[in-house]
> 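Structure below; questions to follow.
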Amino acid sequence: MGTALYILDKLALFAAAYFAMKSSECLLSIKDGLWRRIVLISAYMLIITMVIFVGDRDNLPPTVILFMTAVMICYKESKLQRFTIGLMFCSTMLAFNGFYDNLSNPHWGTRIIIRLVFWVILYLLIKHFAPPKDYELSPVLWRLILFLTALPMGITCTLVIVPNPNYSFPYFIVVTCLVCFLICLIAFIGLMWAIIVLARQQQLEREVLMNDMNKRYYQAMEQQQFEVRRLRHDLANHLQILSSLPATERDAYLAELIENPAIDSTLHYCADSTVNAVLSAKASVMEQSSIKLECKADITRELPFDKVDVCALFANALDNAIEASRKLPEGQRWIQLKARAQKGLFAVKIANSLPKETSKAAEDTLPATTKTDKKSHGYGLRSISEIVSRYGGSMEIRTEDDQFQLFLYMPMEDADE
């Protein structure tokens with residue numbers, strides 16, 4: 001009977017540590033490697049089982065050091081983000097231990113069960129309200145969260161380390177300490193709320209920036225098409241002028257017309273005018289960069305999406321492909337585009353040659369920009385992802401065989417049945 005209870009107790013401890021670790025995964029990503037997960041689960045088991053009494057100075061310092069070391073080693077994000085989130089969870093676990101251990105002195109197995117229930121509930125709440133997995137906060141905001149996190153952590157450490165362990169505390173002091181531990185627990189809710197609100201605010205600002213960039217891109221494309229239409233309209237006038245000019249002036253006039261960027265008419269790739277305009281403009285850029293383009297666009301009518309979004313999808317995807325292809329020697333540069341709009345589904349696949357050192361990037365990630373002005377660039381794939389998500393579609397990225405592949409699809413709600 002004792003062995004069975006011991007096994008159940010250890011299973012409950014492991015489960016509590018597992019849910020605590022899964023709670024942190026809503027805000028942080030664990031690096032690859034089974035050993036890192038073993039280290040993390042061990043660190044969570046250590047801090048969950050740690051008994052925290054007011055005035056007991058021996059347990060807290062080594063526990064905090066070991067736990068924070070595991071956090072800094074095993075998670076992916078920036079040092080500031082890892083340290084801040086790690087300190088949040090460390091403070092919460094220590095505050096819960098301090099509140100529960102000083103409130104009563106239950107059986108060891110009961111302590112683990114209570115902690116398991118606490119972390120299961122907390123995990124469900126964090127999972128439900130946590131920001132998207134790719135959320136971002138600026139370093140300034142992470143420093144602000146760290147400053148706010150230091151307050152409950154400081155209160156917990158003060159309650160545990162400062163009092164004299166050989167002194168018998170009056171009842172009202174014990175109650176005051178319990179209230180302080182409870183405040184530290186509630187502070188975790190406030191910190192999570194702050195992260196969620198700030199992440200949503202930054203996401204909105206990023207979407208506004210991307211929409212503004214996409215609109216400017218589309219307006220520039222529209223202006224170019226207007227120049228094309230105007231040049232066609234004035235073609236008869238140009239021919240009349242040419243016929244009346246002397247030979248020397250005629251050559252100069254012809255040269256000026258040829259250099260006009262609007263002279264290149266829009267190629268007809270499909271039935272959507274926006275797609276034609278973007279592909280025509282990018283095909284010209286690829287030709288100048290000696291990039292071979294293989295294009296097949298099976299789109300038999302105008303796409304039922306906002307023209308700004310259609311322009312942004314193709315332009316951003318092709319800009320990224322062109323940028324990557326330019327890093328290769330001439331003769332190895334190629335881009336393949338396939339688009340289809342049939343049976344209520346719009347799908348696009350764009351593949352391009354990729355330098356070997358870049359092809360090692362992980363799948364299903366948004367690669368960082370290679371341009372020097374990182375504040376102004378690097379929004380291309382994020383813009384595509386945001387547009388695809390807004391229309392209820394999906395986007396996938398793969399890197400294999402020294403090539404980069406972008407695949408996306410979006411349902412067409414008003415498509416003909």
Side-chain angles (χ1 to χ4, degrees), residues 9-10 12-28 30 37-54 56-75 81-106 108-127 129-130 145-146 148-161 177-193 195:
D9 179 70
K10 294 303 178 185
L13 171 59
F14 179 84
Y18 173 79
F19 280 105
M21 185 177 71
K22 293 299 291 183
S23 299
S24 68
E25 283 189 73
C26 295
L27 300 171
L28 295 171
I30 301 177
R37 292 188 174 271
I38 295 174
V39 169
L40 274 178
I41 202 77
S42 301
Y44 280 105
M45 290 175 69
L46 170 66
I47 199 168
I48 285 174
T49 56
M50 190 58 59
V51 179
I52 302 295
F53 288 121
V54 174
D56 186 0
R57 306 169 181 172
D58 297 331
N59 292 337
L60 189 140
T63 302
V64 172
I65 293 173
L66 289 173
F67 178 78
M68 292 303 297
T69 300
V71 167
M72 298 303 292
I73 291 174
C74 299
Y75 288 108
Q81 184 174 349
R82 278 179 282 165
F83 189 80
T84 302
I85 298 298
L87 202 64
M88 279 178 55
F89 278 85
C90 182
S91 171
T92 303
M93 288 184 282
L94 292 175
F96 179 81
N97 291 358
F99 177 81
Y100 188 73
D101 293 338
N102 289 276
L103 182 65
S104 60
N105 189 21
W108 180 262
T110 306
R111 291 178 68 253
I112 298 301
I113 295 298
I114 294 297
R115 281 162 169 74
L116 173 58
V117 172
F118 171 78
W119 279 108
V120 169
I121 295 174
L122 195 62
Y123 165 68
L124 294 175
L125 291 173
I126 293 175
K127 183 180 179 182
F129 293 104
I145 299 296
L146 177 60
L148 297 176
T149 304
L151 298 179
M153 187 67 189
I155 293 173
T156 300
C157 293
T158 301
L159 293 175
V160 175
I161 295 175
C177 291
L178 291 175
V179 172
C180 290
F181 281 128
L182 186 60
I183 292 173
C184 293
L185 280 174
I186 297 174
F188 180 82
I189 300 175
L191 292 169
M192 277 297 304
W193 193 358
I195 291 176

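These numbers come from a predicted model, not from an experiment. Keep in mind that the numbers below use all heavy atoms, side chains included, and drop hydrogens, waters and symmetry copies.
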> Is any side-chain heavy atom of Ile183 closer than 4.5 Å to a side-chain heavy atom of Pro152?
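Sidechains of Pro152 and Ile183: no contact.
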> Indicate yes or no: at least one non-hydrogen side-chain atom of Cys26 is less than 4.5 angstrom from one of Phe129.
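Side-chain contact under 4.5 Å: no.
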> Testing the basics here: between Ala16 and Trp119, what is the closest heavy-atom pair and its distance to 0.1 Å?
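In terms of heavy atoms, the two residues are closest at O-CB, 3.9 Å.
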> If you compare all heavy atoms of Cys157 against all heavy atoms of Leu60, which two are closest, and at what distance to 0.1 Å?
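Minimum heavy-atom separation between Cys157 and Leu60: SG-CD2, 3.8 Å.
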> Starting at CG of Leu151, measure out to CG of Leu191 and round the result to the nearest 0.5 Å.
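If I round to the nearest 0.5 Å, the distance is 8.5 Å.
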> Atom CG in Leu182, atom CG in Leu178: separation rounded to 0.5 Å?
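Between atom CG of Leu182 and atom CG of Leu178 there are 9.0 Å.
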> Between Phe89 and Phe188, does a ring-ring contact (aromatic ring centres under 6.0 Å, His included) hold up when you go through it step by step?
CA-CA 8 Å; Phe89 278 85; Phe188 180 82; 5.4 Å; yes
> Roughly how far apart are Ile155 CD1 and Cys184 SG, rounded to 0.5 Å?
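Reported to 0.5 Å precision, the distance equals 4.5 Å.
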> Any idea how Phe19 and Tyr123 line up, ring-wise: parallel (<30°), tilted (30 to 60°), or perpendicular (>60°)?
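Plane angle between 30° and 60°, so tilted.
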> Search all heavy atoms of Ile41 against all heavy atoms of Phe14 and return the closest pair with its distance.
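Reported closest heavy-atom pair: CG1-CE1, 3.8 Å.
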> Look up atom CG in Leu185 and atom SG in Cys180, then write down how far apart they are to the nearest 0.5 Å.
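Atom-to-atom, Leu185:CG and Cys180:SG are 11.5 Å apart.
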> Could you pull out the closest heavy-atom pair between Tyr75 and Arg82, with the gap in Å?
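Minimum heavy-atom separation between Tyr75 and Arg82: O-CD, 3.3 Å.
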> Checking side-chain contact (heavy atoms from CB on, under 4.5 Å) for the pair Val64/Ile47: CA distance, chi angles, key distance, verdict?
CA-CA 8 Å; Val64 172; Ile47 199 168; 5.9 Å; no
> Measure across Gly86 and Val71 and return the closest heavy-atom pair with its distance rounded to 0.1 Å.
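Smallest interatomic distance, heavy atoms only, reads CA-CG1, 3.9 Å.
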> Side chains of Met192 and Met88, heavy atoms from C-beta outward: is any pair under 4.5 Å?
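Yes; the side chains approach each other to less than 4.5 Å.
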> Is any side-chain heavy atom of Gln81 closer than 4.5 Å to one of Leu27?
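Not touching, per the 4.5 Å side-chain cut-off.
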> Looking at Leu87, is its backbone amide N or carbonyl O close enough to the side chain of Ser91 to form a donor-acceptor pair, meaning the two atoms are under 3.5 Å apart?
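It does not hold such a pair.
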> Report yes if the side chains of Leu94 and Phe67 come closer than 4.5 Å at any heavy-atom pair, otherwise no.
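Answer no - side chains too far apart.
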> For the atom pair CG (Leu125) and CD1 (Ile189), what is the distance rounded to the nearest 0.5 Å?
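Between atom CG of Leu125 and atom CD1 of Ile189 there are 8.0 Å.
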> To the closest 0.5 Å, what do you measure between OG (Ser24) and CG (Leu40)?
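If we round to the nearest 0.5 Å, Ser24:OG and Leu40:CG are 6.5 Å apart.
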> Counting C-beta onward and ignoring hydrogens, is there a side-chain heavy-atom pair between Tyr44 and Val39 closer than 4.5 Å?
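They are not in contact (no side-chain heavy atoms under 4.5 Å apart), so the answer is no.
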> I'd like to know if Lys127 pairs up with Glu25 as an ion pair, taking the criterion as any Lys NZ or Arg NE/NH1/NH2 lying under 4.0 Å from an Asp or Glu carboxylate oxygen.
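Answer for the salt bridge query: no.
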> Are the side chains of Leu124 and Val120 in touch, meaning some heavy atoms are under 4.5 Å apart?
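A side-chain contact exists here, since the closest heavy-atom pair is under 4.5 Å.
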> Identify the residue among Leu122, Ile121, Leu116 that makes a side-chain contact (heavy atoms from CB on, under 4.5 Å) with Phe118.
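That would be Leu122.
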> So which heavy atom on Phe96 is nearest to which on Arg115, and how close?
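Looking at all heavy atoms of both residues, the shortest contact is CE2-CG, 3.5 Å.
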> State, yes or no, whether a side-chain contact exists between Ile30 and Met21 at a heavy-atom distance under 4.5 Å.
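Yes, side chains in contact.
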> Is a donor on one side and an acceptor on the other found under 3.5 Å between the side chain of Asn97 and the backbone of Thr49?
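Such a contact is absent between Asn97 side chain and Thr49 backbone.
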